[in-house]
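The structure appears below as structure tokens.
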There are 2 protein chains.
Amino acid sequence: MLTENFLKGRRRRELSAEERQALESVLTPPVTLPKRRVVTVRGDVVSRSTFLISGFMCRYMDGADGQRQLVSVETPGDFVDLHGYPLQRLDHDIATISECQVAYAPHEKLTELIERFPHLGRLLWFSTLLDAAMHREWIFRLGRLDAVGRVAHMLCETYVRLDAVGLVENQSFAWPLTQQDLGEACGLTSVHVNRTLRVLREAGMVDVADRIVTVLDFGRLASTGEFKPDYLYFNDELRTP
Amino acid sequence: MLTENFLKGRRRRELSAEERQALESVLTPPVTLPKRRVVTVRGDVVSRSTFLISGFMCRYMDGADGQRQLVSVETPGDFVDLHGYPLQRLDHDIATISECQVAYAPHEKLTELIERFPHLGRLLWFSTLLDAAMHREWIFRLGRLDAVGRVAHMLCETYVRLDAVGLVENQSFAWPLTQQDLGEACGLTSVHVNRTLRVLREAGMVDVADRIVTVLDFGRLASTGEFKPDYLYFNDELRTP
DNA sequence: CGCGATATTGATATAGATCAACTAATGTGG
DNA sequence: CCACATTAGTTGATCTATATCAATATCGCG
């Protein structure tokens, strides 16, 4: 089941067997993309959307001086650029971070699908609004938290999202982002990210090393990052690890 | 026509007469809300969405220390909290800034509407993704621009959006946000917003006084704020004032 | 007409950027 | 499989944009 992680754990949003079957039927066979590959650039007209089966991708915008600002990190089970279906044209770039497995949903098939299954249409809509909710929290992070808070918040979000799709084991998860990437997500330089991670490590909250994140004290990490997971719309049991 | 400004000027997104008629028919009669009134708070379960006819509203999140971070400013023609329809529960607060006229769309009626007019459903979906696109640009603003750039970018966005619904006259528009509000949007203190506005005024780009914004040199303001209006998905003619 | 909210200006403090040097991984072609 | 190149991470010194604190001015409203 390619889409088994789609909306997994979202409160009252599980797909029916029939809906899932129908969704699977519009996807192309899976494809592997190499790491650090730009997939779509701002302005591209898109006629299909990318479902992420495994690996990490990101969406970002480029500044005038060539600096990147990540606007989201996509993890397995995410419909990366479903936004492109109603928008038709993308307002940001998309790239892989690690090697990824993806499958494509052609837009004309999505239209048929939604007309046949309006409820599934609402679920797809919902999934794009999860992105919007994460964007809002991202704005909060940049606007109101200091460096330690921003990184803590980001790591909490990732932890909870990956936990929902079974990618957390022993408080740890694989994390292909470099410190540079994390800085581009949090509006910080890689140098400062490095110092910030040291602070969090020395405080015993989290350890990031060798592309693996180990959360040692989720409670303290969450309160440092003012992380309240309601915006991820998970089932209650999942909401506070 | 209450909804005459809904999606106005968006490329190939105008509603058909029949669709507009149907949309109007689900709205309650207009209501007036006083300024600075909190309308919804984070966590509220919502069963209707608010269409903004006139006035300014905002969406925001509260930090632990009581600081607000605005995540969007809503202007006439916006479906303020249509996100609440697929999400059911809101992850942020909503308040008026100025006195506002609004009409409500009960969610059960929206469901009927969308099943009858799937294309209108896609337009409603599209309108929520415009918010997401603005959120992304907002992230870019906070993560990559300095104070002058952030304020410039925000003023450009507002100018273009208000222009599309006929609220710009002689390069000027009414602007009910205080410097404090603008700071809460841009992640700056009101003191620094004040100094930033002075810089922009002295550079001859824009003048903000008496709750009126006058854009004197849009081109320079846009380049200062790295403002590229494609993310607002307007018709081409509207894209560069 | 007076009082709270908003705007303005100045002085000082600080978080994070920038610049620079070095180390440790990771990868690649011979 | 090694030698070298490239990328990622680490640490220190200095600089700067913006916060913070403080005082005054002005506006808008009851």
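All chains are named by letter (A, B, ...) in the order of the sequence lines, taking the proteins before the strands, and each is independently numbered beginning at 1.
Rounding to the nearest 0.5 angstrom, the gap separating the CD atom in A:Glu226 from the CE atom in B:Met61 is 10.0 Å. We find the SG-CD1 distance between B:Cys58 and B:Ile94 to be 9.0 Å, quoted to the nearest 0.5 Å. The structure places CZ of A:Phe140 at 6.5 Å from NE2 of A:His153, a figure rounded to the nearest 0.5 Å. Rounding to the nearest 0.5 angstrom, the gap separating the OG1 atom in A:Thr50 from the CE atom in A:Met57 is 5.5 Å.
Residue pairs meeting the side-chain hydrogen bond (donor to acceptor under 3.5 Å, both in side chains) criterion with at least one partner in residues 208-218 of chain B, sequence neighbours excluded, are B:Ser172-B:Thr214, B:Asp217-B:Arg220.
Bending across the helix from C:dC1-D:dG30 to C:dG30-D:dC1, expressed as the angle between its end axes from five pairs apiece, amounts to 60° (10° rounding).
For B:Arg10 and B:Phe234, the positive end sits near the middle of the six-membered ring, less than 6.0 Å away and at most 45° from its axis.
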Which atom pairs link the protein and nucleotides 6-8 of chain D when you take only N or O atoms and keep those under 3.5 Å?
residue: D:dA8; atom: O3'; partner: A:Arg211; partner atom: NH2; Å: 3.1

Could you go through nucleotides 17-19 of chain D and list every protein N or O atom that sits under 3.5 Å from one of its N or O atoms, giving the distance for each pair?
residue: D:dT18; atom: OP1; partner: B:Ala147; partner atom: N; Å: 2.8
residue: D:dA19; atom: OP1; partner: B:Gly187; partner atom: O; Å: 3.4
residue: D:dA19; atom: OP1; partner: B:Thr189; partner atom: N; Å: 3.3
residue: D:dA19; atom: OP2; partner: B:Thr189; partner atom: N; Å: 3.4
residue: D:dA19; atom: OP2; partner: B:Thr189; partner atom: OG1; Å: 3.1

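Interface limits on DNA chain C: the 5'-most and 3'-most nucleotides within less than 4.0 Å of chain A heavy atoms are C:dG16 to C:dG27.
With respect to A:Asp230 and B:Arg42, a salt bridge is recorded, a charged nitrogen being found less than 4.0 Å from a carboxylate O. Between B:Glu157 and B:Arg161 there is a salt bridge, since a side-chain N of the basic residue sits under 4.0 Å from a carboxylate O of the acidic one.
Counting to the nearest Å, the P atom of D:dG9 and the CG atom of A:Asp210 are 10 Å from each other.
Here the side chains of A:Val39 and A:Leu33 are in contact, with some heavy-atom distance below 4.5 Å. Between B:Phe79 and B:Phe6, some side-chain heavy-atom pair lies under the 4.5 Å cut-off.
Under the salt bridge (Lys or Arg N to Asp or Glu O under 4.0 Å) criterion, B:Asp181 pairs with B:Arg36, B:Arg68, not counting sequence neighbours.
Put simply, the residue from B:Asp131, B:Asp91, B:Asp93 that forms a salt bridge (Lys or Arg N to Asp or Glu O under 4.0 Å) with A:Arg136 is B:Asp91.
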